[in-house]
Amino acid sequence: ELDLRRLVVPLGNINQRLDNLDRLRRYALDYESACNRLHSAASLGGFLLWINDLARNKLDAQGSGESDDAVKVLTYHRSKGLEYPVTVCNNLDEPLKERIWGLNLVAETPEPDINNILGNRWLRFWVNPYADQFQKTHLEETLLHTEEWAAASRLALEEEARLLYVGLTRARDYLVFPTVRKPARWLNRVFNQGDESIPTLDPNADETPFYHNGMPLLCATERAFKPKDFPEAEPDTTPIPFHAPRLGRRPVPRAPLYIDAVGELPPGFHPQWGEPRTFAPWLAFRGDYSAALGKAVQTLLGVGLQPLTQEQLQQIARKQLQIREVTEAVSPEQVLQQAAAFRTFLEQVYAPTSVQVQYPLEGRHGKRLLQLQPDIFLENADAVVAIQFAGFAEGMKKWKNQAQALAPLMGWTQLLLRQLFPQKKVALWVVFPMEGQAVELVF
């Protein structure tokens, strides 16, 4: 009466909207059926409450919104009567499923008696006492040689042949048989009178047992080697638009406002590194290296650059190692010796007049914002220096990999420092605290 189909078609996204209407009509019929079973009156308010209950239990579903490029996943039974351009027949390695256990109808005559429709038939109920452990039991060995097992196998072969025929005849243009290392036992049984050991399809040949208009149909075999378990895909969070996109409006791709200084290389930046320079011996530690140990040493190298007394440094070092839970790995004295050597190195090379730890830098590159925070920032009358700490390089075996990982950050730091201090020379270093070495970025 409302003529809803005609009303929703002009709104766009036609297939989805019409399928949603059909789904709503189906829920209305389900609600009426539920009311009939419960001998209660159906009402609009009751229908809305019933729909809300479905939504709370996540049992409501949107219409399938089928289109020309939709993929339909069906059982062999439910695909009967349908047709598709491409049909993929799955589960071809399934074993024969004889219905020997449970409830079965046994007929004493080949044809039913119309005048006595329930006569000459009886129900047989067999319980499997072994459940899934039935194979290689005395019961199995005995049952395999009985007429009941032969009859059940014969019926199962006939039923799966009819079912496979339904699947094969759904294809209009292409029929695909996905197989694995196991043979396609179901396909073999159907085309070889129950013998699943004879292959129906040869992967090294293009012959098939299929004919069309008296001519044999050929196949193409493609081999693909895949892992046993595919990695779990990320959930699709793409929103499903209820309304079709408005004409004249299209999303314009825009770069993010803030520059990713870690994952995005600055334009025209090609880093080159100098040779490592030693400022202290390798810091010996007990046990295995951990990120907490590296973080503690980096922090104390920065603290050692501050104007503090030796007693204050000792107290901070003990507290830092205790917080990081690495008191058993190194002693405060070891780390402070490393920090003192690092300070001496910087004083000899640059004689800084200003030293800042975790110094924030901000600027722009074009219309985008750039925010950085070097681990150490030095300044003197002629130059500014940014230092970035690196992790454990296993005795400088992997220093190039670690330096290269910090290359984007160093490149953006260089660009920003040249903007902020155009009159001064810019120097960039990567420091390896555990190995007591530093590497300069060469421009």
Side-chain angles (χ1 to χ4, degrees), residues 273-361 372-381 383-399 402-403 405-406 409-410 413 417 426-441:
W273 306 95
E275 291 298 321
R277 294 179 59 177
T278 303
F279 62 84
W282 187 3
L283 180 61
F285 57 90
R286 293 176 289 277
D288 297 330
Y289 173 80
S290 64
L293 174 60
K295 193 64 178 177
V297 176
Q298 294 175 13
T299 302
L300 292 176
L301 257 64
V303 171
L305 300 176
Q306 305 302 317
L308 300 173
T309 64
Q310 190 64 26
E311 183 180 352
Q312 290 173 325
L313 290 175
Q314 285 280 352
Q315 184 178 0
I316 294 175
R318 285 194 296 270
K319 189 67 175 177
Q320 183 65 213
L321 295 179
Q322 182 180 1
I323 292 174
R324 303 286 181 181
E325 298 182 351
V326 290
T327 54
E328 300 295 329
V330 291
S331 65
E333 291 75 18
Q334 288 179 279
V335 184
L336 291 180
Q337 287 178 4
Q338 201 83 348
F342 179 58
R343 179 171 185 167
T344 301
F345 170 76
L346 295 180
E347 290 176 347
Q348 291 175 351
V349 177
Y350 291 108
T353 57
S354 174
V355 178
Q356 303 291 337
V357 179
Q358 298 291 327
Y359 187 66
L361 299 173
L372 301 172
Q373 197 173 41
D375 291 328
I376 305 294
F377 177 75
L378 309 177
E379 185 178 5
N380 58 24
V384 289
V385 183
I387 297 173
Q388 207 70 39
F389 289 132
F392 184 46
E394 299 182 9
M396 301 302 285
K397 295 178 182 178
K398 299 181 179 180
W399 75 266
Q402 297 222 19
L406 293 170
L409 181 60
M410 305 299 284
T413 304
L417 289 177
V426 175
L428 301 174
W429 289 79
V430 175
V431 172
F432 299 86
M434 303 302 297
E435 286 81 5
Q437 300 200 44
V439 179
E440 185 177 9
L441 183 63

### Summary
Rounding to 0.5 Å, atoms CD (Gln402) and CZ (Phe432) come to a distance of 5.5 Å

### Task
Identify the heavy atoms of Gln298 and Ala390 that sit nearest to each other, and give their distance.
NE2-O, 3.3 Å

### Message
Strictly by salt bridge (charged side-chain N to carboxylate O under 4.0 Å, His left out), give each pair with a member in residues 340-358 just once, sequence neighbours left out.
### Response
Arg343-Glu347

### Message
Just checking Tyr350: does its OH atom have more than 12 heavy atoms from other residues, nucleotides or ligands closer to it than 6.0 angstrom?
### Response
yes

Taking only distance into account, with no hydrogens and no angle test, what donor-acceptor pairs under 3.5 Å do side-chain atoms of residues 318-329 form with protein atoms, sequence neighbours excluded?
unit_1, atom_1, unit_2, atom_2, d
Gln320, OE1, Arg324, NE, 2.8

### Query
Taking the side chain as C-beta and beyond, is there a heavy-atom pair between Glu435 and Trp399 under 4.5 Å?
no

### By side chain to side chain donor-acceptor pair (under 3.5 Å) - contacts of Thr309 (at least two apart)
Gln312

### Task
Please report the shortest heavy-atom distance between Gly302 and Gln306, naming the atom on each side.
O-NE2, 3.7 Å

### Closest non-hydrogen atom pair, Pro352 against Leu378
CB-CB, 4.2 Å

#### Entry: Whether Tyr359 and Phe377 hold their rings parallel, tilted or perpendicular, with breakpoints at 30° and 60°
parallel

#### Entry: Test item: Phe285 and Met434 side chains (from C-beta on) under 4.5 Å apart, heavy atoms
yes

### Task
Begin with the C-alpha distance, continue with both residues' side-chain angles, and end with the deciding distance and a verdict on side-chain contact (heavy atoms from CB on, under 4.5 Å) for Gln338 and Leu300.
CA-CA 9 Å; Gln338 201 83 348; Leu300 292 176; over 6 Å; no

### Task
Could you give me the CA-CA distance, side-chain angles and deciding distance for Leu361 and Gln373, then say whether side-chain contact (heavy atoms from CB on, under 4.5 Å) is met?
CA-CA 6 Å; Leu361 299 173; Gln373 197 173 41; over 6 Å; no

### Query
Gln334 side chain to Ala284 main-chain N or O, any donor-acceptor pair under 3.5 Å?
yes

### Task
Could you check if a side-chain atom of Leu313 sits within less than 4.5 angstrom of a side-chain atom of Val303, using non-hydrogen atoms only?
yes

### Which atom of Trp273 lies closest to which atom of Val430, heavy atoms considered
CZ3-CG2, 3.7 Å

### Query
Given side chains that start at C-beta, do those of Val357 and Ile376 come closer than 4.5 Å, heavy atoms only?
yes

### Minimum-distance pair of heavy atoms, taken over all atoms of Pro433 and Leu301
CB-CD2, 3.8 Å

### Task
Could you check if a side-chain atom of Leu417 sits within less than 4.5 angstrom of a side-chain atom of Leu428, using non-hydrogen atoms only?
yes

### Task
Might you work through the side-chain contact (heavy atoms from CB on, under 4.5 Å) test for Leu409 and Leu372, ending with a clear yes or no?
CA-CA 8 Å; Leu409 181 60; Leu372 301 172; 3.6 Å; yes

### Query
Thr353 side chain to Glu379 main-chain N or O, any donor-acceptor pair under 3.5 Å?
yes

### Query
What pair of heavy atoms forms the shortest contact from Ala438 to Phe345, and how long is it?
CB-CE2, 4.3 Å

### Message
Quick check for you: to the nearest 0.5 Å, what is the distance between Trp429 atom CH2 and Gln437 atom CD?
### Response
11.0 Å

### Message
What I'd like to find out is whether the side chain of Ile387 reaches to under 4.5 Å of the side chain of Leu346, using heavy atoms alone.
### Response
yes

### Task
Hey, could you give me the CG/CG distance between Leu293 and Leu283, rounded to the nearest 0.5 Å?
7.0 Å

### Validation row: Phe342, Leu305 side chains within 4.5 angstrom (heavy atoms)
yes

